[in-house]
Amino acid sequence: MSMRICHAPFTAPRFRAIAGGVAVAASRPALAATTHGLDAPPWLLAGAAVAGMLVTLALCALARRRQQHPPAPPVQPSADLTATAEVPPPASSASTDAERDVGAAPSTLHAVMDALDDGVMLHSPTGQLLASNAALARIFGLGPAQVGTFDLDHPPLAFLRDDDRPCPAHCLPPRLSLTDGAAHEAELSIVRSNGSRRRLALHARPIDTNGAGVVTTVTDITHQRHTDARLRLADKAIEHSPDAIMITTAEGQILRVNPAFTRLTGYRLDEVIGHSPAILRSGQHDAAFYAALWDSIHRNGRWAGEIWNRHKRGHLFAERLSISAVDDAAGHVSHYVAVFSDITAAKTEAARITHLAQHDALTGLPNRSLMTDRLDQALHRSQRSGRQVALLCLDLDRFKSVNDSFGHAVGDLLLQQVATRLVGCVRETDSVGRLSGDEFMVVLTDLLDAEQAGQVARKILAALAPPFDIDGHRVMSTFSIGIALYPTDAAAAKALQQHADTALYHAKASGRNAYRYFTDAMNARAEQRLTLESHLRGAIANGELNLHFQPLACIDDGRVVAMEALCRWHNPVLGEVAPEVFIPVAEESGLMVDLDYWVLEQACRTAATWTAHGATRVGVAVNLSHLHFRREGLVEQVRAVLARTRVPATLLELELSESTLLQGGPEVTATLNSLKAMGVRLVINDFGTGYSSLAHLRRYQVDRLKIDRRFIQAMEQTADDAAIVRALIELGQSMRIEVLAEGIETDAQRHGVHAAGCHLAQGRLMGAPMDAEATVALLCAPTTLR
């Protein structure tokens, strides 16, 4: 190998001393350990070691050259330390050992240098390359020939600073070392010919032996810097993450937490480092929960889910937690990383939304959906326990009247107080729910016998008996209750509800404020009702309905003042169906309004016939359901019928129930006032059975009161009922309202009401219901009815 450098004589002992020192520094693991101990970058210490090796190599080569030949003129440097040296001539026997040591050193050092991952280059004091290794060419991305031209003043590639500006040649570490004789290092970047960018660490160290030059190590730290950048990025991400992050050892000791951890848990860094994450345990989860958690981590390397933990201040919070195991190079778990966020607010909101979806907003009771689910669960438990389940369907009696009389605000408060009393009547294991409006449901579980359900029903009726004090109003309310039992009455939830509804219907029909158990007989009647409703829907279209008329007569002379229209139904399958049977069905099925309009039309047509035959002063009375006052269009329908039939409005009497007056809203007032303005007469039917007040009678300008037939029929038996009849008659007289006694069937009844001052009567004694043709004959007869 040719070197353009001259050295002082170099002996074998001196070589051994240098080589021995360099050999210690040549091990990279040793360098790595030294790096940790000295807190210096690995490339810096490696550079020092490699520099020593290269110096040794150079001196060895020079010594061997001097052994073989005298100094010769300098030649161009070799591009690679692996170049073959000239074959030396035989040496004298006196120097054989020294020559053997010196001759063997270059080949050994060549092999060591080419085994290095770092690039090494040796420059002369003038900046010319004297030697390099293979790693240098690989790092620079240059061929051997290009590396051989690496002059410090004219390097074959550009070195870039951090701001991507070129680093001048005189600022390169080897040139600086030649200038001031000190060691220099720097991190610079290069762009290879293939376009790839590399980050390099250059460490230059002057050779102290007779100004031999400078040795430079070049380390490719691209991957290291990328790793450092990723670590810095990860560190930033951890520090600024909104989620809490906790890193533990494999044994479960906390190594690191981020600021979000402190915000979420209340624990400072110094309070948790070295401790176990168990300091956060809430006590809400059992051992099985944690066993399943760690089983997932051991099998899958991770676990994710929701968990409750405890804040430093003691309150619980819900978190969404993910735990991942981190393996080392050998595949063994070295750390665990836990990432979690506080979801307490989200869970609270979700619970609120779920509660709203499953509970009645007014009373807070479970709604129909949740009650159905609880009923299903109760039936499943009953199958295992063998005990009975009772379903109670409850309906608040006359709730519509409360709403109409006092307003919806009072009605809402009533429902809330009713709900409170209901809950107080059952056990914690039972369920009370509001289905809709004034309908409630109670599920009683684990019953030994049916009588227990009756006991609860009686308790409920008793609890609701006392009046409710609502905004200064004393409101009375009662319940009708239907009871169905599982498994006696039904084997499924849906059938059980249907049977409880059937029992409720019969409780209402029995007079309200009562409870009824479901029976097979009730079910048969329910099926009959459905059949009846089905036939009733086609009755009008099929011409099955017709009208009968009953006279309203003057007791004094038997003069007929009006005829009340009474609907009759004859079905080809069912035969004659009594009004007291089909009228309730029509009201409950929504057919009542259409039925009333049909009766109104036919009655007015018949009245027109009476007028045409000379009975010009006889009115026609038509009953109207209270359902008309929940809809619009009644006034227009009445006006249209009168126009079509050409019947004077003064001949039309509309009979209303007392409950209609109790509705008392603006719509009812407006409707009745419009009818009165047309000339239509208003009659209160079954007077005395409801809750009418004198104010209502005055407000709506009622023309006639019809005393309910039950009072008339009872007045012969008791003095109290006779007194009630006299009081009702006197009430009408004092308010200048006509009074009619309904249901007169005996002379004694007629004389009794007449003696009390009543001059109008209706009943079989005064005239039985008759068809339309018979009415014409009656009203046109030369004598009056007596």
Side-chain angles (χ1 to χ4, degrees), residues 398 401 405 474 476 511-513 549-564 566 580 617-619 621-624 626 653-664 672 676 681-769 784-786:
R398 300 186 181 90
S401 299
S405 299
R474 284 175 61 84
M476 301 292 295
R512 305 176 189 271
N513 194 29
F549 297 88
Q550 186 173 28
L552 282 65
C554 179
I555 295 177
D556 297 325
D557 57 11
R559 179 175 51 87
V560 176
V561 297
M563 301 288 282
E564 181 180 359
L566 305 172
E580 58 267 22
R617 300 179 62 183
V618 178
V622 176
N623 286 275
L624 281 186
H626 65 92
E653 298 181 2
L654 296 180
E655 296 194 2
L656 315 173
S657 65
E658 288 186 81
S659 63
T660 301
L661 298 185
L662 279 177
Q663 293 180 13
L672 294 180
K676 286 293 296 182
R681 291 169 60 83
L682 301 180
V683 178
I684 302 303
N685 198 13
D686 300 331
F687 184 71
T689 60
Y691 303 90
S692 298
S693 67
L694 299 180
H696 285 101
L697 299 178
R698 287 290 190 191
R699 182 188 309 167
Y700 300 121
Q701 305 175 50
V702 173
D703 295 290
R704 181 183 300 145
L705 303 176
K706 294 179 69 173
I707 300 176
D708 186 76
R709 66 177 64 246
R710 285 172 289 184
F711 291 113
I712 303 300
Q713 293 170 357
M715 64 183 295
E716 294 182 89
Q717 280 75 38
T718 66
D720 290 342
D721 288 308
I724 291 175
V725 172
R726 288 194 298 270
L728 293 176
I729 294 172
E730 291 175 1
L731 175 62
Q733 290 174 342
S734 66
M735 299 185 70
R736 298 182 178 82
I737 300 176
E738 288 182 354
V739 179
L740 181 145
E742 189 177 19
I744 299 295
E745 296 182 354
T746 67
D747 285 332
Q749 292 171 353
R750 181 179 62 181
H751 289 307
V753 298
H754 189 263
C758 178
H759 301 284
L760 295 177
Q762 181 182 5
R764 290 193 176 274
L765 185 65
M766 312 305 294
T784 58
L785 178 68
R786 295 191 182 275

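- Under the side-chain hydrogen bond (donor to acceptor under 3.5 Å, both in side chains) criterion, N513 pairs with no residue, sequence neighbours left out.
- D703 places a side-chain N or O within donor-acceptor distance of the main-chain N or O of L682, the cut-off being under 3.5 Å.
- Between L731 and S734, the shortest heavy-atom contact is O-OG, 2.7 Å.
- I707 CD1 to N685 CG: the interatomic distance, rounded to the nearest 0.5 Å, is 12.0 Å.
- The shortest non-hydrogen separation linking Q717 to Q713 is OE1-O, 2.8 Å.
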Distance-only check: which donor-acceptor pairs under 3.5 Å involve side-chain atoms of residues 751-761, not counting sequence neighbours?
from, atom 1, to, atom 2, distance (Å)
H754, NE2, D556, OD1, 2.4
H759, ND1, D556, OD2, 3.3
H759, NE2, G757, O, 3.4

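- Note that CD1 of I744 is 8.0 Å distant from CE of M766, once rounded to the nearest 0.5 Å.
- Remark: of the listed residues V683, I729, L552, L552 is the sole one forming a side-chain contact (heavy atoms from CB on, under 4.5 Å) with L740.
- A distance of 13.5 Å separates CD in E745 from CZ in R750, rounded to the nearest 0.5 Å.
- In this structure, the separation between CE on M563 and CD on Q762 is 9.5 Å, given to the nearest 0.5 Å.
- Legend: residues meeting salt bridge (Lys or Arg N to Asp or Glu O under 4.0 Å) with E564, ordered by chain and number and at least two apart, are K706.
- In this structure A748 satisfies the side chain to side chain contact (heavy atoms under 4.5 Å, CB included) test together with E716, T746, sequence neighbours excluded.
- R704 is linked by a salt bridge (Lys or Arg N to Asp or Glu O under 4.0 Å) to E653, E738, counting only residues two or more places apart in sequence or in another chain.
- Contact between L705 and G732 at its shortest, heavy atoms only, is CD1-CA, 4.2 Å.
- Among all heavy-atom pairs drawn from G558 and A553, the shortest one is O-CB, 4.0 Å.
- Here L656 contributes atom CG and L672 contributes atom CG; the two are 6.0 Å apart, rounded to the nearest 0.5 Å.
- In terms of heavy atoms, P769 sits closest to R764 at CD-NH1, 4.1 Å.
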